[in-house]
Protein chains: 2
Amino acid sequence: MSKQAELPLLDQTAVCCAPMVREPLGEADAAELARMFKALSDPIRLRLLSLIASHEGGEACVCDLTGRFDVSQPTISHHLKVLRDAGLVDSERRGTWVYYRVRPAALARLAAPLLTPA
Amino acid sequence: MSKQAELPLLDQTAVCCAPMVREPLGEADAAELARMFKALSDPIRLRLLSLIASHEGGEACVCDLTGRFDVSQPTISHHLKVLRDAGLVDSERRGTWVYYRVRPAALARLAAPLLTPA
DNA sequence: TCCTTGCATCGATAACTGTCGATGCAGTCG
DNA sequence: CGACTGCATCGACAGTTATCGATGCAAGGA
């Protein structure tokens, strides 16, 4: 579990600190950002992410998440996998349960290009 | 042109100022945010947005955009429509050309929930 | 008026996505 | 060991999306 390195590495400074208002996105940056935004392009995934982030301790086990939605457990599992593959969350098994936790750096990477410089 | 009101109105303060780390997203908020993120989930649309935003005057006509990509003109037109329907850009016809311009408030609305509070 | 240019729309098609029930697998508890 | 629970994976199916060429339409110039 905890698949990292699903996305190619990026020049952190390029994506992180240069709002796209200043200079056009390169093809590679656009491709990676698009992959991450795509993970956020579903209402259930957004709610999952916010449930995880706002849960006490900053983490939530799948059992806390399933049942809060009108979709089946395999569907929740699928959405969690999409979030994980996009690098937005991490998962860790502890005993019977699997805990998910948000990766704040990933969110920051997405927010950065959206912020218009003053 | 310039279709507004494609998205239902939202409580501005709820979406805008409450990072989802604090409290879980409501269903309606999640649905609208997902629609906007979906518009950003394509590399071509991200590059289009950054080209428009970084273009001099903060606006670009379609003729500045077509030809910078390996896809046909109708495809570019389609992607611009997606961005417009999501409320991320505005378009205006002036004479022969149609100019697109980013709506900074929309970008800010997307960035807000991603920012983790200190 | 007719032709040209800039852009949008249409219809078709291949690829992708969300969802489900069924199933598999790992860990826990008798 | 055997049963049960929590979660992931599989295979199938319906709905959506990205793309294209063809076409339409508006504005400007000859």
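Computed over heavy atoms, backbone and side chain alike; hydrogens, waters and symmetry mates excluded. Letters A, B, ... mirror the listed sequences (proteins, then strands); counts begin at 1.
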Asker: Please check this pair: side chain of B:Arg45 against backbone of B:Lys38, looking for a donor-acceptor N/O pair closer than 3.5 Å.
Answerer: yes
Asker: Could you please name the option among C:dA8, C:dT28, D:dC7 that lies closest to any side-chain atom of B:Val62?
Answerer: C:dA8
Asker: Between A:Thr96 and A:Ser41, which has a closest nucleotide on DNA chain C that is more 5'?
Answerer: A:Ser41
Asker: Could you tell me whether the phosphate oxygens of C:dG18, OP1 or OP2, come under 4.0 Å of any side-chain nitrogen or oxygen in A:Arg45?
Answerer: yes
Asker: So if I take every side-chain heavy atom of B:Val98 and compare against D:dT19, C:dT17, C:dA8, which nucleotide ends up nearest?
Answerer: C:dA8
Asker: Assign each of A:Asp42 and A:Gly95 to its nearest nucleotide of DNA chain C by heavy atoms, then name whichever residue's nucleotide is nearer the 5' end.
Answerer: A:Asp42
Asker: So, B:Arg109 side chain and B:Leu33 main chain: donor-acceptor pair closer than 3.5 Å or not?
Answerer: no
Asker: Rounded to whole angstrom units, what separation is found between the CG atom of B:Leu40 and the C1' atom of D:dT17?
Answerer: 16 Å
Asker: Check DNA chain D against residues 64-79 of chain A and give the residues with a non-hydrogen atom under 4.0 Å, in numerical order.
Answerer: A:Gln73, A:Pro74, A:Ser77
Asker: Taking CG from A:Leu48 and C1' from C:dG18, how many angstroms apart are they, rounded to a whole number?
Answerer: 13 Å
Asker: When you check the phosphate oxygens OP1 and OP2 of D:dA8, does a side-chain N or O of A:Tyr100 lie under 4.0 Å from one of them?
Answerer: yes
Asker: Nearest whole Å is fine: how far is D:dT19 P from B:Leu80 CG?
Answerer: 12 Å
Asker: When you measure from the side chain of A:Ser41 to the backbone of B:Ser41, do you find a donor-acceptor pair of N or O atoms at a distance under 3.5 Å?
Answerer: no
Asker: Within the distance-only criterion (no hydrogens, no angle test), does the side chain of A:Arg94 pair as donor or acceptor with the backbone N or O of A:Tyr99 below 3.5 angstrom?
Answerer: no
Asker: Inspect the contact between B:Arg101 and B:Asp90 and indicate whether a charged nitrogen and a carboxylate oxygen are less than 4.0 angstrom apart.
Answerer: no
Asker: Does B:Asp85 use its side chain to pair, donor to acceptor, with the backbone of B:Val82 at less than 3.5 Å?
Answerer: no
Asker: Within the pair A:Lys38 and D:dT17, is there a side-chain N or O less than 4.0 Å away from OP1 or OP2?
Answerer: no
